[in-house]
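Okay, so here's the structure we're looking at.
Quick note on labels: first sequence line is chain A, next is B, and so on, each numbered from 1. These numbers come from a predicted model, not from an experiment.
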Amino acid sequence: MNNSTVEWFGRIATDRISKSPAFARHMLADVFRGFGVVSRLKKGPDLPGRGRLMYSCNEMMATSLLAKKDTVLVSIFTPCEVMHAMDLNLVFPEGLSCYMTASSCEKIFLDAAEANGVPESYCSFHKELIGIAQKGMLPKPACVVNTTMVCDANQLTFRWLAEYYGVPHFVLDVPQHYDERSEAYLTRQLRDMTAFLEEVTGRKLEKKKLAEVMACARRTLENYRTILALKAERYESLKMTAHMIDSFAFHVLLGKKEIEEDSQVLIRDLEKLPKKRQALRVLWVHVLPYWQRSMAEIFNYNDRVEVVACDMTFDHLDNEIDPRYPYESMARQILTDAYNGPADRRLNRALRYARDLNCDGILYFCHWGCKQTQGASVLAKQKFEKAGFPTLVIDGDACDPRNIQDGQMVTRVGAFIEQLEAERA
Amino acid sequence: MIGYVCKYAPVELLAGFGQEAVPVSSEADNFDCAQNCTHMNMCSHMKALIENVKGKNLRELVLVNCCDSTRRAYDVLKRDMDFIFLMDLPHVQNACSRQHLEDELLRLAEAYRDYSGRSFDYQRFADSFQFEPRHIEGKYIGVLGARVGDQLLAQLRSLVPCQVEDFCCNANRFLDDPPADPKDILTPAEKELPLEAQDTLALKKVLSWYAEELMAQIPCMRMADIQRRKVLVDDPNLLGIIYHTVKFCDFYGFEYEMLRGKTEIPMVKIETDCTLQSMGQLSTRIGGFVESLGMRKEKLMRKDGKYFAGIDSGSTTTNVAVIDRDGNIVDSATVRTGAKAQKGAEKAFAQLKKVNPKDIALVVATGYGRQNISFANDDVTEITCHARGAYQLNPKVRTIIDIGGQDNKAISLDENGNVKNFAMNDKCAAGTGRFLENMAKVLEIDLDQISEIGLHWEEDLNISSMCTVFAESEVVSLIADNKQIPDIVHGLNKSVAAKTMTLVRRARGTGAYMMTGGGARNRGVVGCVEDLVGEPVYVPEDPDLCGALGAALFARDGALGLGAEEADLREA
């Protein structure tokens, strides 16, 4: 869709949201679903595997808007294999914020949240999802489950949502460092989480089913490693959205059969691409403002410069899942995640992938309100440049256009690309 | 000396190693160091910590995994410290989390032993538990929210004429006494073990007890279960709450909103960036709050003269209103304030045409420069003065929206004209008169033109950026896109109105509405505010004079002895 169509749609959606949230939820769900179907079926610049992943994510976002029994509201880094094994519906509100911004109807939610006292400096993903709830666009879930990992906003937003809806809340307290004792602590909590879900929903978890889901998750992550290995030697014409979709699909939807199948299709697609890397190759660190027109014009389907990967898609690839020990595997998965623990862990991981993916430079995106990312920005630039990767640290917002200084971003990114071109030459 | 910042920091454990732990809680003069090693949008408290550590050359630090910013402060500081430790503090409170904290305490103890070469001594550990229960006599004001620095707390205590108690996140540190002998904690069966085994087990059990004690403190907002924070506001002697938030720390904004909806206790919000640069605005807020609680101390003395003057010394203009005994305005003047409040006030007095200054019995100053006018007999904050002036002009008004040069305010009134609630913009200039002044410069028009031109818009443009600097870029882009000036001005007016409405909501404002200050002269902004509140807004004939009129009315009260009587009643 072109931008004027999106803006036109955003105006209509905003009007409907303010007048009849129930109608607007169905309308947006239909649009997300329809767009997913089109992405899966149409022949276009994207690889078929990309269209399938988009379809899977859009289906989940559409479902999020429609009230369904036994729905669990989860944060992006919550291990969801248990929920999949119990056939529970998942709502992943950070993703919903992205979709609303991409639909150009974010303002009504952001305004609502700020009018109700959410701090202006708050992460706009979380601010927007509070507004989504306040505007009646998020059906009441059965319960809320989140981790304390990655950002403070998880603690605040998910507690707020649980209180707002008056539903039970389970917090997975994630230690910062990985050792046996931390693993035991988190493993115990994951077992407690299962008991909590069983009690809230009245469903029972079958061990065999969980083992199957974990095996599926293991194969899917292996597929993603293959995808990155294939991308290391190839140019893929794609849009920035693909990386956000990957981060959603390979986290919250990890363990779903369809994601495993989508990833197999993507492997076949990538294998067909010629082994050459003509475009400049950029590794993106943190979330992407994929809906921002100026950035999309620079990075989407551009044979001059390609965002090869985003560090939110390979944060959890270092751990091998053992389906025989699902809880221990999930605990290790979280504890060794690049986004957990000290900044060095995340920066070293990004650096390793920048090398493995044959990147020319690294773009470090300081999303508004994300203190974890902002706080490490100086360290990141020093470390990456010392390792030989030109690095651009840029301030922006992946959810709220009001916090973006578009002209300045374009100038900086343009100069960065020129710098990379000069270095290649 | 080892520094710490959080009440969950195990300072007694460090005392067991013979090391004195000192809180690092001073404000910073600036953020020069922090700016070089991290991002400016990091929590201001952590930036102040970085400044303190670097400025005071602190070599040892124990941090607690409180928040994202603390974790990153640890990351940027660790290269330059002799000893730095980040202790993982669980978010939840149960047997497993206590075990986890116990493990962390042990990890710290081992790390500090290896670093310092010292041994842990139980007696030193036990002796360091010197907690006096908090003892409050009579009514008091509580400071809640994010930690306040030493100087800010001292400033608050100087501004409030009653006891001020610190209940912020780093206060409320209280632990029970440990057992006199660690072996006291052992069961009779355990005391049958060999002595060495008893020692080991006793130390482990003490650590477990200590972990539980640390976790049992009144939780900060970072913890998962915050129910026990209710105790902080559940006291009949709590007269009012000064709620403190720190720029770029998001935890406490949530509690402030929650309290606002649940408690009837008067509350004022202050936000600081852990420097001392906004004390002027702070004194207005706290002064207004104290006045709204009826705790203002009258300083006026009776003097001869038939007129009473109020001076509103604002950042842009100084306004003087002179009234007679019946409260009628008999003379007024408005001048640019200039660099000094005193000179601005003298200039304004010199401009009075109908009244001889010798006939003025008393002068009360208000506004940003109110405490710097030597010939004023007393000063009252602009919050209270605006309320007083507005009520005099129109007793039906329940909400005043004041758009001044650097401050915007929303003040809600009760049916007697008393201040019920108020909210002011923070340090950000978005939505203030200064904002429009800057935008007028960018558009190459003057302020009078900007007031009129926005009424003639055709295309409904939006200025989406909330930040003044970003908004300026947006305006420049719109000019480059050949957008019409009236349309851009209308977009700016809407932006100012929207920003102002967030204050109205914070102050729980209801109709009828009045607009005062220079912004009220801008018919475009008034129209946009009317659109948002859904009713006509009353604008007095001279909206700049409202604060000065209120000050003049206080001068008259003082001269006639009314104010003192009222103040006495309120204090009683």
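At most 12 heavy atoms of other shown residues, nucleotides or ligands fall within 6.0 angstrom of atom CD in A/E199.
Considering all non-hydrogen atoms of both residues, B/D250 and A/C123 come closest at OD2-N, 4.5 Å. Nearest heavy atoms, A/G375 versus B/V76: O-CG1, 3.9 Å. Taking every heavy atom of both residues into account, B/M223 and A/R159 meet most closely at O-NH1, 2.5 Å. Of all heavy-atom pairs between B/T38 and A/Q374, the closest is OG1-O, 4.2 Å. Taking every heavy atom of both residues into account, A/P342 and B/D75 meet most closely at CB-OD1, 3.6 Å. Considering all non-hydrogen atoms of both residues, B/F254 and A/P119 come closest at CE1-CD, 3.8 Å.
Proximity to chain A involves both the backbone and the side chain of B/S97, based on heavy atoms less than 4.5 angstrom apart. Looking at B/E104, the atoms closer than 4.5 Å to chain A (heavy atoms on both sides) all sit in the side chain, from C-beta outward. With a threshold of 4.5 angstrom between heavy atoms, A/Y122 approaches chain B through its backbone and through its side chain. In this structure, the portion of A/C366 lying under 4.5 Å from any heavy atom of chain B is its side chain and not its backbone. Proximity to chain A is absent for every atom of B/Y252, based on heavy atoms less than 4.5 angstrom apart. For B/R222, the part lying near chain A is the backbone, with the side chain staying farther off; criterion is any non-hydrogen pair under 4.5 Å. Neither the backbone nor the side chain of A/L347 comes within contact range of chain B; no heavy atom of the residue lies under 4.5 Å from a heavy atom of that chain. Proximity to chain B is absent for every atom of A/V393, based on heavy atoms less than 4.5 angstrom apart. With a 4.5 Å cut-off on non-hydrogen atoms, B/D88 touches chain A through its side chain but not through its backbone. Heavy atoms of A/D406 lying under 4.5 Å from chain B are absent altogether.
When each of A/Q382, A/H169, A/K371 is checked for heavy-atom pairs under 4.5 Å with chain B, A/K371 comes out on top. The choice from A/Q189, A/Q176, A/E163, A/Q155 that makes the most heavy-atom pairs within less than 4.5 Å of chain B is A/Q176. Each of B/C66, B/G253, B/C37, B/S69 has some count of heavy-atom pairs under 4.5 Å with chain A, and the biggest count is that of B/C37.
At a threshold of 4.0 Å, the pair A/D179-B/R107 does not count as salt-bridged, since none of the basic side-chain nitrogens sits closer than that to a carboxylate oxygen. With respect to the salt-bridge test (charged N to carboxylate O, under 4.0 angstrom), the residues A/E114 and B/R505 do not qualify. For the pair A/D152 and B/R71, the salt-bridge criterion is met [side-chain N within less than 4.0 Å of a carboxylate O].
The residue from B/H91, B/H100, B/Q93 that alone fulfils the side chain to side chain donor-acceptor pair (under 3.5 Å) condition with A/D173 is B/H91. Paired with A/S377 under the rule side chain to side chain contact (heavy atoms under 4.5 Å, CB included), one option of B/M42, B/H39, B/R72 passes, and it is B/H39.
Annotation: the span from A/T373 atom OG1 to B/N41 atom CG amounts to 12.0 Å, rounded to 0.5 Å.
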